[in-house]
Visitor: 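Here it is: the structure, laid out below.
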Amino acid sequence: MRLSSYFLPTLKETPNEAKIASHRLMLRAGMIKQSAVGIYSWLPLGHRVLQKIIQIVREEQNKAGAQELLMPTIQSAELWHESGRYDDYGKEMLRITDRHKRELLYGPTNEELITDIFRSSVRSYRDLPLNLYHIQWKFRDEIRPRFGVMRGREFLMKDAYSFDLTKEDSDKAYQNMFVAYLRTFARMGLRAIPMRADPGAIGGNQSLSHEFHVLAETGESDVFYDKAFDSVSLEDMANADLEMANKLQSLYAAAEEEHDPDNMPIDSDDVQSGKGIEVGHIFQFGTKYSEPMGATVTTPDGDQVPVEMGSYGIGVSRLVGAIIEANHDDKGIIWPESVAPFKVVIINMRTNDEGCTGVCDDLYAQLDDAGVEVLYDDRDERAGVKFADAELIGIPWQVVIGPRGVKEGIVELRSRSGGEPENLAPADLLSRLIG
RNA sequence: CGGGGCGUAGCGCAGCCUGGUAGCGCAACUGGUUUGGGACCAGUAGGUCGGAGGUUCGAAUCCUCUCGCCCCGACCA
C-alpha cells in the first residue's frame with residue numbers, strides 16, 4: 001500500500017476527548033472515529049488490526065473444534081420473553097420497535113438465539129458435543145461508556161456456545177476453551193491471567209467461570225493474583241495444554257468482587273495486586289436456558305434431558321485497546337507483529353531522488369509480491385514527518401532508504417520495539433523480512 | 001442518575017468576568033527556497049461562536065431552555 005494514496009488521517013495533536021493512551025493513540029493514528037458516545041467507525045488502519053485479531057480468534061476457535069456461524073444483530077423479543085430475560089436485562093438492552101409495533105432488540109448477547117437454533121435441529125445425544133460460535137457486533141447501553149473502544153456501547157465480540165449431554169462432558173468443553181483462550185491471547189502478545197469469576201447475570205449458579213485479564217495500569221478492575229503467574233511466560237501460554245490449564249487454575253487469582261483478603265488460600269505475601277482489563281469471560285450455565293426453552297436431547301436410554309451449556313466470550317474490539325495499553329511508548333503504538341496492520345513500512349527519504357526512489361520501488365514490489373504486508377511511505381514529506389507517523393502507527397519494522405545509503409548499496413532496518421538500526425544490502429533485507 | 005467541566009475554522013486553544021460584530025498556533029491551498037527527525041518565506045481560503053428563545057440600539061460575551069461531548073461515582077463484557 002502506498003501511503004500517498006492510503007486513507008490515514010493521523011493527528012499531530014490529541015483530540016481533547018481522549019484521556020487514556022489507547023484511546024488517544026487510536027484517534028491520533030487514524031484508526032477510529034467516534035460516531036456517538038461509545039460507538040465508533042473503524043477507519044482503514046484500525047480495521048486492518050481488527051481483522052488481524054478476528055483472524056487469530058477464528059483460527060484458535062476452529063482449532064479447538066468450534067464451528068463458525070453468524071447470527072443477526074437484531075433479535076426478536078419473543079425468545080427473550082421465553083427465557084425470562086426480556087424483563088431482567090434492564091436498561092442496558094437497546095429495545096427497538098418496528099413498523100408493525102413488534103418488539104425487537106439489538107442483541108447484547110446471543111444465548112437465546114443459539115439455543116433456539118440448537119433446539120430446532122438437534123434431537124439426539126449422538127449430535128453432541130457441539131460448539132458453535134460467531135463474531136458479531138453487540139450493543140449494550142452502558143451507563144457510562146468510556147476509554148474509547150475499551151468500553152464502547154457497540155462492540156465486537158466472539159461468543160461461543162457449547163452443548164453437551166452431561167456435566168462431565170461440559171467440563172471437558174470448558175477446559176478445551178480455557179486452553180484455546182490462553183493460546184489466543186498469547187498469540188496477540190498478551191499474557192492474560194485467568195481469574196475465578198462470578199458468572200453474573202448471564203450465567204447463574206455456582207458452576208465454572210473465569211475471566212481473562214490483561215494487566216495494564218489503565219485497567220478498570222482491581223485484580224489480585226499469585227505471584228507464581230509471573231513465571232509463566234508468553235511462550236508457555238502460547239503452547240498451553242490441559243496440564244497448563246490445570247496448573248493455572250490451581251493458582252490464586254481473582255478480581256476485586258471475588259477477592260476476600262481475609263480468606264485466601266495462599267499467604268498474602270505471595271499475592272500481587274494490579275489493574276486488569278477483562279478481555280475474555282467463560283462460564284458454564286448448565287441448563288439455565290435449555291430447560292425453559294426446551295432444548296433437549298434424547299439420551300442413550302431414551303430419556304429427554306435438557307442440554308448442558310456453556311458460553312465463551314472474547315471482547316474482540318476491546319482487545320485492540322488492550323493491546324495498545326500493553327504496547328506503547330511516548331511516540332506511539334508498538335504493535336506485536338501478529339496483529340500489526342502492516343509488517344513493515346518503507347520510508348523513502350527523498351522521493352525526488354531517482355536512485356533512492358528506484359530502490360524503494362523495487363523493494364516495495366518484491367515484498368508485496370512475497371506477500372509481506374508492506375506500507376510504502378512515498379509521500380513528498382520531510383524525514384521527521386515520516387518517522388513520526390511510522391512510530392505513531394507502530395509498524396514493527398521500518399526500512400529507511402536514503403540517497404546516502406543507496407550510493408553505498410545499503411538500506412537501514414529498524415525495529416519499532418527498540419534496538420540498534422542495522423545496515424543491510426537490499427537482498428539481505430528481503431530474506432530477513434520474507435517468511 | 002448524582003457531582004464537576006467543556007462546546008469559538010479540520011485539530012488544539014484565546015476572547016466571555018467588564019456587551020461594540022472574532023483572533024492565535026498547527027493543518028489545508030498557491031508560488032518559491034529547502035530536504036536523514038514533525039522546515040522557512042510570501043500569499044490565499046476557511047467560522048450563522050453547538051442550537052432555540054429572551055434582554056439590549058447592539059450578544060461569542062448577559063438570562064432561560066435545549067442538544068452534544070469529557071471527567072468522577074454507583075453499575076457492567
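Note that the structure is predicted; figures quoted are calculated from it, not measured. In what follows, chains carry the letters A, B, and so on, assigned in the order in which the sequence lines appear, proteins first and then strands, with residues in each chain numbered from 1.
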Visitor: B:A59 and B:C17: how far apart are their C1' atoms, nearest whole angstrom?
Guide: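 Rounded to whole Å, the distance is 15 Å.
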
Visitor: Please give, in whole Å, the distance from B:C11 C1' to A:L11 CG?
Guide: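 Nearest whole value for this atom pair: 7 Å.
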
Visitor: Check for me: is A:F155 stacked on B:A77 by the 5.5 Å centroid and 30° plane-angle rule?
Guide: yes

Visitor: Suppose we define a pair by two distances each less than 3.5 Å, Watson-Crick or G-U wobble; what does B:G53 pair with here?
Guide: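 WC or wobble partner is B:C63.
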
Visitor: Angle between ring planes, A:F118 versus A:F163, binned at 30° and 60°: parallel, tilted or perpendicular?
Guide: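 Parallel: the ring planes of A:F118 and A:F163 meet at under 30°.
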
Visitor: Can you tell me the distance, in whole Å, between the CZ atom of A:R24 and the C1' atom of B:C11?
Guide: 16 Å

Visitor: Is the A:Y6-A:F342 ring centre distance short of 6.0 angstrom?
Guide: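 Yes, the ring centres sit under 6.0 Å apart.
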
Visitor: When you compare B:C26 with B:C67, how far apart are their P atoms, in angstrom units rounded to a whole number?
Guide: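 Going atom to atom, P in each nucleotide, I get 38 Å.
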
Visitor: With sugar-phosphate meaning primed atoms plus P, OP1 and OP2, does A:G90 contact a base, only sugar-phosphate, or nothing at under 4.0 Å between heavy atoms?
Guide: nothing

Visitor: Can you tell me which nucleotide in B:C69, B:G36, B:G38 comes closest to the side chain of A:V400?
Guide: B:G36

Visitor: Please tell me which of the listed nucleotides, B:G36, B:C70, B:U35, lies nearest to the side chain of A:R414?
Guide: B:G36

Visitor: Among A:Q136, A:Q61, A:E68, whose side chain to side chain donor-acceptor pair (under 3.5 Å) with A:K158 holds?
Guide: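 Single pass found, and it is A:Q61.
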
Visitor: May I ask which nucleotide in the shown strands pairs with B:G46, Watson-Crick or G-U wobble, both distances under 3.5 Å?
Guide: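 Partner of B:G46: none.
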
Visitor: Between B:G36 atom P and A:E412 atom CD, what is the distance in whole Å?
Guide: 13 Å

Visitor: Across the strands shown, which category fits A:R153 at heavy-atom distances under 4.0 angstrom: base, sugar-phosphate, nothing?
Guide: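 No contact at all - A:R153 keeps every heavy atom at 4.0 Å or more from the nucleic acid.
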
Visitor: Identify the nucleotide, in any strand shown, that forms a Watson-Crick or G-U wobble pair with B:A39, with both distances under 3.5 Å; if there is none, say none.
Guide: B:U33

Visitor: Say you pick atom C1' in B:G23 and the same atom in B:C16; how far apart are they, in whole Å?
Guide: 14 Å

Visitor: Rounded to whole angstrom, note down the P distance from B:C69 over to B:U8.
Guide: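 Between the two P atoms, the distance is 14 Å.
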
Visitor: When you look at NZ of A:K63, are more than 12 heavy atoms from neighbouring residues, nucleotides or ligands closer to it than 6.0 Å?
Guide: yes

Visitor: Any chance you could list the contact pattern along nucleotides 27-34 of chain B? Use B for base contacts, S for sugar-phosphate-only contacts and - for none, protein heavy atoms under 4.0 Å, 5' to 3'.
Guide: -------B

Visitor: Taking only the side-chain heavy atoms of A:P15 (C-beta and beyond), determine which of B:G38, B:C11, B:C69 contains the nearest atom.
Guide: B:C11

Visitor: Let me confirm one number: the NE2-CD distance from A:H213 to A:E278, rounded to the nearest 0.5 Å.
Guide: 4.5 Å

Visitor: What distance separates A:Q398 CD from A:K386 NZ, expressed to the nearest 0.5 Å?
Guide: 12.5 Å

Visitor: Relative to the ring of A:F185, is the ring of A:F212 parallel (under 30°), tilted (30 to 60°) or perpendicular (over 60°)?
Guide: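 Plane angle between 30° and 60°, so tilted.
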
Visitor: Any chance the rings of A:F155 and A:W137 have centres within less than 6.0 Å?
Guide: no

Visitor: Just how far, in rounded Å, is P of B:A77 from CG of A:L156?
Guide: 18 Å

Visitor: Can you tell me the base-pairing partner of B:G10? Count Watson-Crick or G-U wobble geometry only, both distances below 3.5 Å, and say none if there is no partner.
Guide: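 Across any shown strand, B:G10 pairs with B:C26.
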
Visitor: Using a heavy-atom cut-off of 4.0 Å across all strands, would you classify A:G315 as base, sugar-phosphate, or nothing?
Guide: nothing

Visitor: For A:Q51, does the CD atom sit with more than 12 other heavy atoms under 6.0 Å from it, leaving out its own atoms?
Guide: yes

Visitor: Can you tell me if CD on A:Q249 sees more than 12 non-hydrogen neighbours from other groups inside 6.0 Å?
Guide: yes

Visitor: Tell me the interatomic distance from A:I410, atom CD1, to B:G36, atom C1', rounded to whole angstroms.
Guide: 12 Å

Visitor: Using atom OH of A:Y40 as one end and atom C1' of B:C70 as the other, report the distance to the nearest whole Å.
Guide: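 Result: 11 Å.
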
Visitor: Say we look at B:U61 and B:A9: how far apart would their P atoms be, to the nearest angstrom?
Guide: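 Roughly 15 Å separates the two P atoms.
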
Visitor: Considering Watson-Crick and G-U wobble pairs with both distances under 3.5 Å, what does B:C1 pair with?
Guide: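 B:C1 is paired with B:G73.
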
Visitor: Given the C1' atoms of B:G73 and B:A27, what is the spacing between them in whole Å?
Guide: 38 Å

Visitor: I need the CG-C1' distance between A:N348 and B:U35, as an integer number of Å.
Guide: 12 Å

Visitor: With A:L25 as reference, evaluate A:E325, A:H328, A:K331 under the side chain to side chain contact (heavy atoms under 4.5 Å, CB included) test and give the passing residue.
Guide: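 Of all the options given, the one that passes is A:H328.
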
Visitor: If we take the C1' atom in both B:G50 and B:C70, what is their distance in whole Å?
Guide: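 Approximately 15 Å lies between the C1' atom of B:G50 and that of B:C70.
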
Visitor: In whole angstrom, give me the gap between the P atoms of B:C11 and B:G47.
Guide: 14 Å

Visitor: Each nucleotide N or O in nucleotides 71-76 of chain B that has a protein N or O under 3.5 Å away: list the pair and distance.
Guide:
{"from": "B:C72", "atom 1": "OP2", "to": "A:R144", "atom 2": "NH1", "distance (Å)": "3.2"}
{"from": "B:C72", "atom 1": "OP2", "to": "A:R144", "atom 2": "NH2", "distance (Å)": "2.6"}
{"from": "B:C75", "atom 1": "N4", "to": "A:R146", "atom 2": "NH2", "distance (Å)": "3.4"}
{"from": "B:C76", "atom 1": "O2", "to": "A:R151", "atom 2": "NH1", "distance (Å)": "2.7"}
{"from": "B:C76", "atom 1": "O2", "to": "A:R151", "atom 2": "NH2", "distance (Å)": "2.3"}
{"from": "B:C76", "atom 1": "N3", "to": "A:R151", "atom 2": "NH2", "distance (Å)": "2.9"}

Visitor: Between B:G25 and A:E13, counting only base atoms on the nucleotide and side-chain atoms on the residue, is there a donor-acceptor pair under 3.5 Å?
Guide: yes

Visitor: OP1 or OP2 of B:G68 versus the side-chain N and O atoms of A:Q34: is any pair under 4.0 Å?
Guide: no

Visitor: A:D389 CG to B:G36 P: how many Å, rounded?
Guide: 17 Å

Visitor: Identify, between A:G38 and A:A383, the residue whose nearest nucleotide on RNA chain B lies closer to the 5' end.
Guide: A:A383

Visitor: Do the ring centers of A:F285 and A:Y161 come within less than 6.0 Å of each other?
Guide: no

